[in-house]
Amino acid sequence: MQALGVGVVYWPILDPLLREPGSPATVVEIEPQAFWEMSHDDRHGWRYRPNAALLDELAALPQAKLIHGVGHPVGGTVTDPLDHLNLLQDAVTQLAPAWVSEHLSLNRFERPQGGHEPLDQVEHAGFLLPPSQTPATTRVAADNLQRLRSAMDRPMAFETGVNYLRPQAGEMSDGDFFAAVAETSDCGIVLDLHNLWCNACNGRQSVDEVMARLPLERVWEVHLAGGMRHGAYWLDAHNGRIPEPVIELAARWIPKLPALGALMFEILPEHVPTLGLDEVAQELNLLQTMWALRAPRLVPVAQGRPAPPATGHSRPEDRAAVRAWECQLAAALHGEAPADAALSQDPGCALLARLIQDFRRANLTRALRFTLTTLLLGLGEDDTEALLQAYARHSPPQPFAALEAEQFAAFVWGHIGHWPHLPHLCEVLAFEHALIRASVHGHSTQLHWSVDPTQVLEALEAGQLPPPLPIVHSVMHIQAA
């Protein structure tokens with residue numbers, strides 16, 4: 001097939017840009033899991049719930065489609081205990097992507113003492129984490145990729161990831177690792193040049209050294225994005241314009257990619273208002289200029305290779321070795337002493353722990369905004385920070401904002417007797433907790449307010465604790481859909 005061209009990773013806030021006549025985007029990359037929710041009922045237990053209406057809207061977009069996974073990376077040994085392949089298959093059927101891609105990362109750990117429920121058997125990491133770059137991981141990742149390719153019945157690629165850890169003793173170089181996974185799995189590569197530049201800025205292999213080791217004919221897609229400085233590190237933040245050095249790298253390497261089928265710009269939705277849609281369009285126009293550097297050839301992957309069954313590259317000892325390293329990484333992130341002390345002493349590990357914490361707090365801010373505002377205004381920054389740290393030590397990360405918020409709500413209920421002086425905290429927390437329970441569990445709730453709830457919420461919205469209010473008893477019904 002013909003190459004797809006220039007595009008953007010989809011978020012609803014970008015809709016006006018994608019639907020306008022003459023849009024600079026000819027392809028959109030869709031991350032289905034970003035629009036899933038989790039729900040629970042007595043009949044089905046825990047399950048994923050897709051946004052079917054949004055998928056219908058995405059299928060109607062005029063651009064070509066790609067699917068990029070964000071929830072089930074292929075670099076680890078611990079799989080999702082919930083069924084997700086059927087929903088991904090549905091998305092593939094509806095959107096008909098030219099290929100499907102996933103991250104060469106990991107995001108789950110096996111619990112040492114798992115419970116009876118599926119979700120009790122694994123711990124979500126709270127972030128995409130780098131795998132160990134070893135031959136054993138290469139074989140495990142290859143098996144994961146081939147299984148996913150067979151299930152999706154589409155050509156499969158993996159993304160070159162960001163890695164904030166120092167190079168580990170005895171591991172493969174970044175370029176050799178990416179090349180080995182691509183060749184062993186017989187898959188394509190989503191070349192994230194900002195990730196590679198980020199890695200180089202943080203002390204890993206240079207971009208040119210990585211590129212010299214890659215099978216360039218397997219690069220089907222290139223990602224470009226912005227980032228930011230955080231202490232001694234450059235972060236892959238997807239927060240704005242593409243840095244000039246990354247543009248220069250793209251201009252130099254795009255002409256050397258004989259199978260390049262798509263050139264994508266990534267920006268997270270919370271940063272779009274700051275940058276603006278006009279500036280996003282300018283970045284896409286810049287990508288169009290770089291796209292013109294590409295040799296005008298067909299994309300070989302478009303012919304479609306048969307999806308073979310997993311060929312069993314990995315051996316039991318491979319999975320055991322990779323899982324042992326995952327346990328060491330989990331221990332280091334939790335502040336425990338892993339068998340490999342180098343991980344716990346790696347400043348990149350401390351950075352990952354901080355990024356996980358920030359991601360969790362962002363989820364809480366979205367789902368329990370009035371509760372957190374009440375705590376912050378009533379307790380002050382230091383005591384609220386101590387509460388959040390105690391919560392993080394007590395409870396593992398959750399993959400969805402609603403689950404994180406429900407877990408935090410339960411934690412706050414357990415301590416709420418410590419703060420009798422905080423006006424209406426119980427009522428505010430009960431209100432937001434009821435909204436979460438309606439979404440996740442389908443439970444309806446009847447709430448009793450001692451004052452006018454609109455006055456309480458308006459004060460918190462303005463960044464103030466509610467003043468003394470007249471007693472006005474009222475009943476609020478939170479109805480599940």
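Only a predicted model underlies this, so the values are computations on that prediction, with no experimental measurement involved.
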For residues [X] and [Y], determine if any side-chain heavy atom of one lies less than 4.5 Å from a side-chain heavy atom of the other.
{"X": "Glu29", "Y": "Val8", "result": "no"}
{"X": "Ile242", "Y": "His194", "result": "no"}
{"X": "Val28", "Y": "Leu66", "result": "no"}
{"X": "Leu129", "Y": "Phe109", "result": "yes"}
{"X": "Met211", "Y": "Lys256", "result": "no"}

I'd like to know if the side chain of [X] and the backbone of [Y] have a donor-acceptor N/O pair within less than 3.5 Å.
{"X": "Asp318", "Y": "Ala136", "value": "no"}
{"X": "Glu404", "Y": "Gln398", "value": "yes"}
{"X": "Ser395", "Y": "Ala392", "value": "no"}
{"X": "Gln63", "Y": "Leu4", "value": "no"}
{"X": "Asn199", "Y": "Arg204", "value": "no"}
{"X": "Arg49", "Y": "Glu37", "value": "no"}
{"X": "His394", "Y": "Ala390", "value": "no"}
{"X": "Glu123", "Y": "Pro397", "value": "no"}
{"X": "Asn107", "Y": "Gly71", "value": "yes"}

Parallel under 30°, tilted from 30 to 60°, perpendicular over 60°: which one fits the rings of [X] and [Y]?
{"X": "Phe408", "Y": "Tyr391", "answer": "perpendicular"}
{"X": "Phe431", "Y": "Phe370", "answer": "tilted"}
{"X": "His415", "Y": "Trp419", "answer": "parallel"}
{"X": "Trp197", "Y": "Trp234", "answer": "perpendicular"}
{"X": "Phe359", "Y": "Phe127", "answer": "perpendicular"}

Under a 4.0 Å threshold between the charged nitrogen and the carboxylate oxygen, would [Y] count as salt-bridged to [X]?
{"X": "Arg218", "Y": "Glu183", "value": "yes"}
{"X": "Arg147", "Y": "Glu102", "value": "no"}
{"X": "Arg369", "Y": "Glu432", "value": "no"}
{"X": "Arg354", "Y": "Asp358", "value": "yes"}
{"X": "Asp83", "Y": "Arg47", "value": "no"}
{"X": "Arg323", "Y": "Glu110", "value": "yes"}

With sequence neighbours excluded, what pairs up with His238 under the ring pair (Phe, Tyr, Trp, His ring centres under 6.0 Å) test?
-> none
Under 3.5 Å, is there a donor-acceptor pair linking the side chains of Asp143 and Ser314?
-> yes
Going by distance alone, is a donor N or O of one side chain under 3.5 Å from an acceptor N or O of the other, for Thr138 and Thr184?
-> no
Under 6.0 Å between the ring centres of Phe158 and His103?
-> no
Report yes if the distance between the aromatic ring centroids of Trp11 and Phe35 is under 6.0 Å, otherwise no.
-> yes
What residues form a salt bridge (charged side-chain N to carboxylate O under 4.0 Å, His left out) with Asp208, not counting sequence neighbours?
-> Arg252
Check salt bridge (charged side-chain N to carboxylate O under 4.0 Å, His left out) between Glu317 and all other residues, then give those that pass, not counting sequence neighbours.
-> Arg315
If you look at every heavy atom in Ala25 and Gly7, which pair is closest and at what distance?
-> CB-CA, 4.1 Å
Carefully, step by step, assess Trp253 and Val219 under the rule side chain to side chain contact (heavy atoms under 4.5 Å, CB included).
-> CA-CA 11 Å; Trp253 282 103; Val219 177; over 6 Å; no
With Leu352, the side-chain contact (heavy atoms from CB on, under 4.5 Å) member among Asn163, Leu165, Asp346 | Leu165
